[in-house]
Engineer: 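Here's a structure for you.
Computed from a predicted structure; not experimentally measured.
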Amino acid sequence: MRWLRLLALVFALPVHAGDALSVRAQAGVVPLGATGANVDFANADEALALRVHALEQAGVVLRGAAAANADLVTEVEAGLEALPPAMRRPPGGPLELVLHAEAAPLGVGDGSPARPDWTEGRARFHLYQYAPSDERRATLRLSRLTDAESERLWRRRAVVHAVMQRWDDAKGWSGTPAWRRLSGWMKPFERPLVWKEEVRLRYAGAFSRAMGQRSASLDWVTFAEELLVPVESLRADALPVDDHVRCQEFSKARALTEQLDASGLGTLPPRGDCPAFEAWAELESLSHFEVLLVASTGRQPESLFGHLLLRPVWHEGEVPRGPAFERVVQLVALTGMESKGLGYVVKGMTGAYDTVFLTGTMGDLSHEALELEQRSIRRFRLRLRPGEDARMLERVWELERRGYMGYYFFTDNCASALVFLLNGALEGGRELRPPGTLWVLPTATLDTLARVQVEEPGGEMSSLLEHIPDAFESTGDRSVRAHSAKKEALDALAGHVGADELARLRGVHARLESPEPQVRAQAYDDLPGVVAALMHSAKTASRDTVRAHLHAYVAHAVRVERAAVDRADGERLRIERERMLAVNVSVAGSARAGTAERQRVFETEDALQRRLAVLDRATLLKDALASAERRPPTPEELQTLVWAERTEATFHRATDVQGTLNDGLLATVDPVAFLHADRRHKVAAETAWAEGALRESGAGRVMVALGVDFPEGAAARPLVGLRTAGMAEALGDARLHGFQPSSELRVLDGELFLLPRWGLPKVVASDLTLLGYRTLLRELPQFRDSFWDSLGWGAEARVASSDARLLRYRASVQAEALVVLDEDARFSRFTTVGVGGLAAVHWNRDVLTPAAGPRLSLTHRMGLFGSGANAVRLEAAYAPTWRVGDTHFTHEAGAALQVEMWLGRVGPFGVLLTPRAQVRWEGAISPTPHWEALSPSTWLAGSAERRLALGFEVR
């Protein structure tokens, strides 16, 4: 009889296919969320059967043990109610839920044959008896729930999982770029060596549970579980509000919400307040973001490629924030304090370290980059939309806690991490592509950002990246500028003071340029007396001018000393690190230990556990050194440590003298006005240079050329040339996104000349520089430890071929010291002579000949009017080499004259014109006893190559 009553009731109730769960509400006997104990049916079984039938009408089918479990039915109903109403009927036909008698962690399947989650395609979803799980991320936020509450939570999440999986299969939400780029999901063959779907974020804490790391779809579905059925839905006090998923995963929550809105399937509730994030972000005061390029010093090839950071800039608020406390986002590899040997390099190239996102302070960055490493920082403003600025802060917040990616020096580094960060914040479907596949350079990444166009409020288009001509100047670069300014101030005193007194100051000046700190300290002792004598000898009308020049001289001299003491501090840290035997700080040891500790720290928003939110690596090293066991210093190290102490003492003496003079003889000079004027001069110089500089770096260059060859004994022949380069930046190049003009780098820089003809063209000549580096930057006199510090240097490896050579093919390596005869401030003009050596292998089809010998070179560059890219460049070289098997020297000589002309920019494209004339000779020199036989044809025997070429480069 009870089944008859049940059927009669069922058929008497109106059932709407769009919302079959309303059956209980319409009956007025089973409120939504009620348990079987609260129904008014004559029999609880009838009530349960009705509820199961209502679920079936909604597309969710319970069979067997599942249909007989009232608690399960209740949680299935609650899980469906967590979804927007339009999503409660899963697409793809009936969804069958099966309950097994055996237990499984969290009561859900894991996709294995023993515990499947789905069978029969997506028709049947399997549930198991609930058992606790040891998966840390899945249970991290459940510590305040009882076992019974945890079971109810995961039952509801299982329902959401099954239904959302069906919807994702139908709509393809997880396949959209807006979702995939948040975790870095890559499709098969999207990158080299990616054979299946992979994810860049490799930290389990970046996913709602481990299953989410398997695919973008499971990432989407498991996150939907956590967002739609959060822990606080079981108990309001289960989590502090700042640990709610809505206050931790802003980007994923927004992506899911926007997809549902766009599909017309419902709108999720607003996020609500997140006090910790809002206090940290200060969105109402946010001004803009800057990309920072930590440039190379020019003399350290290991830092040549630069380093990228992100700097959020806030308007000044009611409480002033000093510059040292401004925030920066570092994109770095966590290496702990592992020694920088061969293993360190191998780990950096094979993904053994993690790339992380660190929110530090400008004080930390200045200490490490501007002082210890003495690398200046170029600044670029990001023209983001207001909404994108807010999203950027949200991404920084998220990735600082969960953004761990494998670090690979060439492809997954600070540059690719910046692109990853930006892609998660850009709106309107905009997406940045990494500027390379086999390597991603910081400078090339700036090129990529600059090519993105942004619509301004007035409707005009501009570049996403805007150069700010006000770099954060390193103490090293400031000392170079101060060295020149000090000399200018000294020369400016001529004619205003007595000749004898000026000669005394020049004597002090000479001692201030000594590399011995104690000599400079004695010179500072004599400086007050010299300044007093100069002021006494000054003409009455010139005293204010003399006082200003003397003030500037002393100030710039102390700036040089500041750079010296920073260099000494860096050397002291290096020695102390090498002396360590054991470190008693866990995070300072291996990279893995540091990463694990940092992940633990950021698991919750507890203020006490955030003590390492700012990781100043230099300070961390100093703290570790304080408790580390050390070996005794070597004699060489002891000598360096003594030098460092004397350098520091000299700096203290210099500042004491400066303070005495500024309080006495130079007191009428306004020091604040001096600093403002010095900054204006610096900014004006940077602005003038930037206006004439090329925007693009030298990465990924392609040039087409038309040329004429003049072979010996034959008519001139036309040539077509092609030049490509992974990186090609020459000495003196002025590039906003490039390296220092004092440095040259060429990587895979190849040139090919072809002779057009019917059929396949003939290769006339080729030249490939595998790797080449030159620098003209020398140390200041105060910083020179040896003669070599007063020289530039260079080295390169290249492979070439020419049909004009005696042996067609050649591979060579060369190195040279460079004597700079003439230069200007930014090397737009310079003349150098190089002295070095050459080793080569020449070969033909059946001949292989090694060779070696000295090499001399001459390089000159002269800047022209207009753009800073306009120049005349002359390079010549001579090398007498001895080849194995020969009884004489083979002489090689060559010269190239090239004019570089920047024709300007049309829209996004710019054109560089490079006409070039080159000549090369190779052969033997035969001595002759008769003056009448001095014709070159009688004493020069060999082959010559002469070529004219006109190159066009479009960037």
Engineer: Does Glu729 reach the main-chain N or O of Phe739 with its side chain, forming a donor-acceptor pair under 3.5 Å?
Structural biologist: yes

Engineer: Between Val847 and Thr849, what is the shortest heavy-atom contact and its length?
Structural biologist: CG1-OG1, 3.6 Å

Engineer: Less than 4.0 Å between a side-chain N and a carboxylate O, is that true for Arg774 and Glu744?
Structural biologist: yes

Engineer: Where do Phe783 and Ala564 come nearest, in terms of heavy atoms and distance?
Structural biologist: CE2-CB, 3.4 Å

Engineer: So, are Arg905 and Glu696 salt-bridged, with charged N and O less than 4.0 Å apart?
Structural biologist: yes

Engineer: Between Ala471 and Glu686, which heavy-atom pair has the shortest distance, and what is it?
Structural biologist: N-OE1, 2.9 Å

Engineer: For Thr881 and Thr890, which I'm curious about, is there any donor-acceptor pair between the side chains at under 3.5 Å?
Structural biologist: no

Engineer: Classify the ring geometry of Phe409 against Phe305: parallel below 30°, tilted from 30° to 60°, perpendicular beyond 60°.
Structural biologist: perpendicular

Engineer: So how far is it from Leu706 CG to Leu948 CG, rounded to the nearest 0.5 Å?
Structural biologist: 12.5 Å

Engineer: Which of these, Arg920, Arg855, Arg810, Arg805, sits in a side chain to side chain donor-acceptor pair (under 3.5 Å) with Glu892?
Structural biologist: Arg810

Engineer: Quick check: do Leu446 and Leu441 have side-chain heavy atoms less than 4.5 Å from each other?
Structural biologist: no

Engineer: Should the pair Arg947 and Phe710 be classed as cation-pi, given the thresholds of under 6.0 Å to the six-membered ring centre and 45° from the axis?
Structural biologist: no

Engineer: Do the side chains of Asp733 and Arg873 get close enough for a salt bridge, i.e. N-O under 4.0 angstrom?
Structural biologist: yes

Engineer: Just checking, any donor-acceptor pair under 3.5 angstrom between side chains of Thr914 and Glu900?
Structural biologist: no

Engineer: If only side-chain N and O atoms count, and only distance matters, is there a donor-acceptor pair under 3.5 Å linking Glu513 with His483?
Structural biologist: yes

Engineer: Any side-chain heavy atom of Leu821 sitting closer than 4.5 Å to one from Val833?
Structural biologist: yes

Engineer: Begin from the C-alpha positions of Val819 and Val835 and carry the test side-chain contact (heavy atoms from CB on, under 4.5 Å) through to its verdict.
Structural biologist: CA-CA 8 Å; Val819 180; Val835 180; 5.6 Å; no

Engineer: Calculate, to the nearest 0.5 Å, the distance between atoms CE and CG belonging to Met901 and Leu864 respectively.
Structural biologist: 6.5 Å

Engineer: Given 3.5 Å as the limit, does a donor-acceptor pair link the side chain of Thr859 with the main chain of Thr832, or not?
Structural biologist: no

Engineer: Are the side chains of Leu641 and Trp643 in touch, meaning some heavy atoms are under 4.5 Å apart?
Structural biologist: no

Engineer: Using only atom types and a distance under 3.5 Å, with no angle test, would you say the side chain of Arg572 pairs donor to acceptor with the backbone of Ile575?
Structural biologist: no

Engineer: Classify the side-chain pair Tyr878/His891 by whether it contains a donor and acceptor separated by less than 3.5 Å.
Structural biologist: yes

Engineer: Please test Leu736 against Leu694 for side-chain contact (heavy atoms from CB on, under 4.5 Å), starting from the C-alpha separation and ending with a verdict.
Structural biologist: CA-CA 6 Å; Leu736 288 181; Leu694 294 177; over 6 Å; no

Engineer: Is there a side-chain contact between Leu770 and Arg746 in this structure, where contact means two heavy atoms from C-beta onward sitting under 4.5 Å apart?
Structural biologist: no

Engineer: Return yes if a side-chain donor-acceptor contact under 3.5 Å exists between His860 and Thr831, otherwise no.
Structural biologist: yes

Engineer: Consider only side-chain N and O atoms of Asp412 and Ser416, and report whether a donor and an acceptor are under 3.5 Å apart.
Structural biologist: no

Engineer: Enter the distance from Glu779:CD to Trp788:CH2 here, rounded to the nearest 0.5 Å.
Structural biologist: 15.0 Å

Engineer: Answer yes or no: is there an ion pair linking Glu823 with Arg778, defined by an N-O contact shorter than 4.0 Å?
Structural biologist: yes

Engineer: Measuring from atom CZ of Phe830 to atom CG of Asp824, what distance do you get when rounded to the nearest 0.5 angstrom?
Structural biologist: 9.5 Å

Engineer: Specify the closest pair of heavy atoms between Thr411 and Val440, including all atoms of both residues, with the distance to one decimal.
Structural biologist: O-CG2, 3.6 Å

Engineer: How many angstroms lie between atom CE of Met727 and atom CG of Leu748, to the nearest 0.5 angstrom?
Structural biologist: 11.0 Å

Engineer: For a quick check under 3.5 Å, do Gln782 and Arg784 share a side-chain donor-acceptor pair by atom type?
Structural biologist: no

Engineer: Output yes when Lys762 and Asp803 qualify as a salt bridge under the 4.0 Å nitrogen-oxygen rule, no when they do not.
Structural biologist: yes

Engineer: For Arg735 versus Trp689, what's the shortest heavy-atom pair and its separation?
Structural biologist: O-CH2, 3.6 Å

Engineer: Below 4.0 angstrom, N of the basic side chain to O of the carboxylate: do Asp477 and Arg375 qualify?
Structural biologist: no

Engineer: Check whether any side-chain heavy atom of Gln898 sits under 4.5 Å from a side-chain heavy atom of Leu874, and report yes or no.
Structural biologist: no

Engineer: Tell me whether Arg861 contacts the main-chain N or O of Ser828 through its side chain, where contact means a donor paired with an acceptor under 3.5 Å.
Structural biologist: yes

Engineer: Say whether, by atom type as modelled, one donor and one acceptor occur between the side chain of Thr769 and the main chain of Ala797 under 3.5 angstrom.
Structural biologist: no

Engineer: Answer yes or no: does atom CZ of Arg433 have more than 12 heavy-atom neighbours from other residues, nucleotides or ligands under 6.0 Å?
Structural biologist: no

Engineer: Test side-chain contact (heavy atoms from CB on, under 4.5 Å) on Leu308 and Leu293 and set out the steps.
Structural biologist: CA-CA 5 Å; Leu308 293 180; Leu293 172 65; 3.7 Å; yes

Engineer: Looking at Phe865, is its backbone amide N or carbonyl O close enough to the side chain of Asn870 to form a donor-acceptor pair, meaning the two atoms are under 3.5 Å apart?
Structural biologist: yes

Engineer: When you look at Arg481 and Glu473, which way does the salt bridge (charged side-chain N to carboxylate O under 4.0 Å, His left out) test go after all the steps?
Structural biologist: CA-CA 10 Å; Arg481 191 165 58 84; Glu473 193 175 35; 2.8 Å; yes

Engineer: What's the shortest heavy-atom distance between Ala924 and His888, and which atoms?
Structural biologist: CB-CD2, 3.8 Å

Engineer: Flag the pair Leu755 / Arg717 as yes when at least one side-chain heavy-atom distance between them is below 4.5 Å, and no otherwise.
Structural biologist: yes

Engineer: Taking the basic N atoms (NZ, or NE/NH1/NH2) and the acidic carboxylate oxygens, is any pair closer than 4.0 Å for Glu637 and Arg631?
Structural biologist: yes

Engineer: Is Gln639 atom CD crowded by more than 12 heavy atoms from other residues, nucleotides or ligands, each under 6.0 Å away?
Structural biologist: no

Engineer: Side chains of Gln374 and Asp566: does their closest heavy-atom pair fall under 4.5 Å?
Structural biologist: yes

Engineer: Where do Arg946 and Asp709 land on the salt bridge (charged side-chain N to carboxylate O under 4.0 Å, His left out) test, with the steps shown first?
Structural biologist: CA-CA 6 Å; Arg946 298 175 292 271; Asp709 208 11; over 6 Å; no

Engineer: For the pair Glu922 and Leu806, evaluate side-chain contact (heavy atoms from CB on, under 4.5 Å) and give the outcome as yes or no after the intermediate values.
Structural biologist: CA-CA 8 Å; Glu922 174 186 320; Leu806 301 177; 3.8 Å; yes

Engineer: Are Tyr773 and Trp793 close enough that their ring centres sit under 6.0 Å apart?
Structural biologist: yes

Engineer: Would you say the side chain of Arg798 lies within less than 4.5 Å of the side chain of Asp767, judging by non-hydrogen atoms?
Structural biologist: yes

Engineer: Once rounded to the nearest 0.5 Å, what's the spacing between atom CG of Asn413 and atom CG of Leu331?
Structural biologist: 9.5 Å

Engineer: Taking only Lys NZ, Arg NE, NH1 and NH2, and the carboxylate oxygens of Asp or Glu, determine whether Glu373 and Arg567 approach each other closer than 4.0 Å.
Structural biologist: no

